[in-house]
Amino acid sequence: MTHASARDEVLARIGHALSGTPAPVEVPRAYRRTGEHPPGAPELLRLLTDRLVDYRATVHAASPQTVEPVLAAVLGGLDRVVVPPGLPVGWRPAGAVVDDGTLSPAELDRVDAVLTACTAAAAGTGTIVLDGSPDQGRRAITLVPDRHVCVVHAAQVVQTVPELLARVDPRRPLTFISGPSATSDIELQRVEGVHGPRTLIVVLVADG
Amino acid sequence: MSEVFLGMPAHAPADVAALHAARPFPAAARDALADPQLRRNIGAATATIRGKRAHVVAELDDWEQLRLAGQAVKAATMSRLDEHLRRLEQEVTARGGTVHWARDAAEANRIVTGLVRATGADEVVKVKSMVTQEIGLNEALAEAGIAAWETDLAELIVQLGHDTPSHILVPAIHRNRAEIREIFLREMPGADPALTDDPRALAMAARAHLRRKFLTARVAVSGANFAVADTGTLLVVESEGNGRMCLTLPDTLITVMGIEKVVPTWADLEVFLQLLPRSSTGERMNPYTSAWTGVVPGDGPQEFHLVLLDNGRTAVLADEVGREALHCIRCSACLNVCPVYERTGGHAYGSVYPGPIGAVLTPLLTGTAGNPSLPYASTLCGACFDACPVRIDIPSLLVHLRSRTTQERALPSAEAVAMAAASWVMASPWRFGWAGRLARLGRLFARRGRIRRLPPPLSAWTTARDAPAPPPQTFRDWWRENRGQP
Ligand code: SF4
């Protein structure tokens, strides 16, 4: 058996190591799986805002009626804005570049901002998830530009991490974002803004 | 090799340099203790992170329930590790990835080198990963003429400083801002001579330095924090965005992962994604977590390889007590609370895994003969257990390893006398309890919470360091009162 594959060998080693091991214990799941507030509750929108601001993101409140003017104000003055192909047309600033999947990293590096929607958000940790859907785009467009503007709808906001994970499909390419990029590598002091977008702007849209 | 030996759990080979201390811990610790700058740097940094962790842990009223769940998920996973790995392989393969298996460091390095060569690239960008440090991948790639660029800020500081990591989470924790500035000025091509030692300015210098690399890299190498068996999903938890850059922009992604990183289901992550960030950086959630499954057409690397590594892990699994060390999620909380680590720093442990978890995991991976002094790099104060998000009972593992060490190897020197005595005490629950209560009398001799001298044979320990005064109540007494039977 000198030519046993590494795969067979490692699996056989595990088999030996585990022989005689009793059946696994039941996992106690007494932790909090759902929050006390339903998705989109005003308390959750306040909590999400607090958490995001705590991580140096900027939050703008909007309603379904005001989302377009709020976005226009946030993006005003920026020359080059990239948007994913499925973003609502009304949100697109004039002259926006619609990503067709061909922009190279170097080209994305010359863009001023990216505007996307999101998949879900957790208020308790201030986390937003993108999953590559048409209104969020491929991962590179929300990574290379230095400014990310992200629209979050109230109905997408849950309280806890378990509720958040239950809302996303693990087989899609996922990015969990909690504030702008940061490092604590120098004397464990947090510095916001390293390789990912240095500015994160969230437009939080309350229910109509 | 005869058939009889196929599949016997194996330790990490003796040539895995990152796991084999060149010098015994007591000698290396003595040198570290003589470096006041090092002690100041590490003391300041660990004090900062302890405060942050305590603050965000206190926010969750279900923290203990999360720890219990994390511990149980890991134990259940280990007991069926082969099944979960087969499932992971099946799911990754079904979604366009390629799975490779490596018995040890050398085999993993050969696989990765071959994969990089096949792309024609002569450089790779790297996401911080303990496992590639463990196998010495950068050195192996360099021998093959392939440059590996570390992109995590702390790893970059270590790499530019021709240094080795001293902490799991913040490998450059032993460097202060002034030292980092000097390294950047000396080693970073085109660094601005006017660079200050402000952490923000230093971080921006790193951004500028790496930007072009990210935008042009064709191959990336990463580790993984978790792999979900039933979906084939891999996760990297990070802060700076260097991970996202490496996982997203290159054409080819090679992920090297220890076999113990698998978890059975996506829902299990609801536990670990709460435990890990709060325990490691003291954040409610780290800035970025990336999750991907195989290859996604039109989004990210179009070629994905997963290398599953043993390198001693099956030997750890075969030790029914020691197995628990495989539950570690590498948060580094046990390092940050450890009185020994705080004084010696990480290099004294002589392993890529320092601190309390390193003192147990390293000799478990190599066999105790490979690192006989590491299980003694602890005062058994119990702070590591209290901090551990998956409740690894490190003090008990240390005691277990001390008895394994003396059984497996006759120790030379005066050190041996102390260790044999300690081991004799540790090997029996009642003797250990009795010794702990006796040591409590040491409080009477302590000045300002530190004992300067202990009688022989323990004086061998206190000539090199102040032993912390024993707490008024021993860990075991406290345990008995608070958690029932010891
Ligand atoms: S042993 Fe526990 S506390 Fe230490 S690094 Fe591992 S998970 Fe964290």
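Hydrogens, waters and symmetry mates are skipped; everything else that's a heavy atom, side chains included, is used. Residue numbering restarts at 1 for every chain, and letters A, B, ... go by the order of the sequence lines.
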Heavy-atom distance under 4.5 Å between the side chains of B/Arg200 and A/Glu192, does that happen here? yes
Between A/Val129 and chain B, which part of the residue has a heavy atom less than 4.5 Å away: side chain, backbone, both or neither? neither
If you count heavy-atom pairs within less than 4.5 Å of chain A, which of B/Gly243, B/Ala291, B/Ala318 leads? B/Ala291
Which one, B/Asn242, B/Thr48, B/Asn41, leads in non-hydrogen pairs under 4.5 Å with chain A? B/Asn242
Could you walk me through whether B/Arg211 and A/Asp109 pass side-chain contact (heavy atoms from CB on, under 4.5 Å), step by step? CA-CA 9 Å; B/Arg211 194 85 183 158; A/Asp109 199 32; 2.9 Å; yes
When B/Ala10, B/Gly232, B/Ala206 are compared by non-hydrogen pairs under 4.5 Å with chain A, the top option: B/Ala10
For each of B/Asp152, B/Thr216, B/Ile42, tally heavy-atom pairs with chain A at distances under 4.5 Å, and name the one with the top tally. B/Asp152
May I have the step-by-step check of side-chain contact (heavy atoms from CB on, under 4.5 Å) for B/Asp82 and A/Val10, ending in yes or no? CA-CA 9 Å; B/Asp82 42 357; A/Val10 173; over 6 Å; no
So do B/Leu317 and A/Leu18 actually touch side chain to side chain, heavy atoms under 4.5 Å? yes
Does one side chain, of A/Arg172 or B/Thr293, offer a donor that lies under 3.5 Å from an acceptor on the other? no
Heavy-atom check, side chain of A/Arg138 versus side chain of B/Val296, under 4.5 Å: no
A/Pro197, part contacting chain B, at a heavy-atom distance under 4.5 Å: both
Go through the steps to decide whether B/Arg313 and A/Arg13 satisfy the test side-chain contact (heavy atoms from CB on, under 4.5 Å), and finish with yes or no. CA-CA 10 Å; B/Arg313 286 161 177 76; A/Arg13 288 175 180 182; over 6 Å; no
Which residue out of B/Glu89, B/Gln71, B/Lys52 racks up the most heavy-atom pairs below 4.5 Å with chain A? B/Glu89
Please determine which of B/Thr231, B/Val228, B/Leu235 meets the side-chain contact (heavy atoms from CB on, under 4.5 Å) test together with A/Pro170. B/Thr231
Does a side-chain heavy-atom distance below 4.5 Å link A/His16 with B/Thr314? no
Do the side chains of A/Thr175 and B/Thr289 get nearer than 4.5 Å, heavy atoms only? no
Is the shortest distance from a Lys or Arg side-chain nitrogen in A/Arg33 or B/Asp62 to a carboxylate oxygen in the other one below 4.0 Å? no
If you look at every heavy atom in B/Met285 and A/Thr127, which pair is closest and at what distance? CG-OG1, 3.5 Å
For atom CD of A/Glu26, decide whether the heavy atoms of other residues, nucleotides or ligands shown that lie under 6.0 angstrom number more than 12. no
For A/Arg139 and B/Thr248, indicate whether the former's side chain and the latter's backbone hold a donor-acceptor pair under 3.5 Å. no
Less than 4.5 Å apart, any side-chain heavy atom of B/Phe214 and any of A/His195? yes
Flag for A/Tyr31-B/Gln274: side-chain donor and acceptor within less than 3.5 Å: no
Step by step, would you call B/Arg323 with A/Thr21 a side chain to side chain donor-acceptor pair (under 3.5 Å)? CA-CA 11 Å; B/Arg323 183 180 291 170; A/Thr21 297; 3.3 Å; yes
What part of A/Thr102 is in contact with chain B, defined as an atom under 4.5 angstrom from a non-hydrogen atom: side chain, backbone, both or neither? neither
Mind checking the CG-CG spacing from B/Leu85 to A/Leu11? Nearest 0.5 Å is all I need. 6.5 Å
Going by heavy atoms in the side chains, are B/Arg80 and A/Ile14 under 4.5 Å from each other? no
Under 4.5 Å to a heavy atom of chain B? For A/Asp54 that would be side chain
Strictly distance-based, threshold 3.5 Å: is any side-chain N or O of B/Trp266 a donor or acceptor partner for the main-chain N or O of A/Leu165? yes
So B/Leu66 and A/Arg29, do their side chains get closer than 4.5 Å, heavy atoms only? no
As a quick check of understanding, evaluate side-chain contact (heavy atoms from CB on, under 4.5 Å) for B/Leu215 and A/Leu108, giving each step before the final call. CA-CA 9 Å; B/Leu215 300 182; A/Leu108 287 170; over 6 Å; no
Relative to chain A, which of B/Met204, B/Met78, B/Arg284 shows the most heavy atom pairs under 4.5 Å? B/Arg284
Could you check A/Ser181 against B/Glu240 for side chain to side chain donor-acceptor pair (under 3.5 Å), going step by step and ending with a plain yes or no? CA-CA 5 Å; A/Ser181 75; B/Glu240 296 167 18; over 6 Å; no
Are B/Glu107 and A/Arg7 close enough for a salt bridge, meaning some N to O gap below 4.0 Å? no
Determine whether a donor-acceptor pair (N or O, by modelled atom type, separation under 3.5 Å) exists between the side chain of A/Arg171 and the backbone of B/Thr233. no
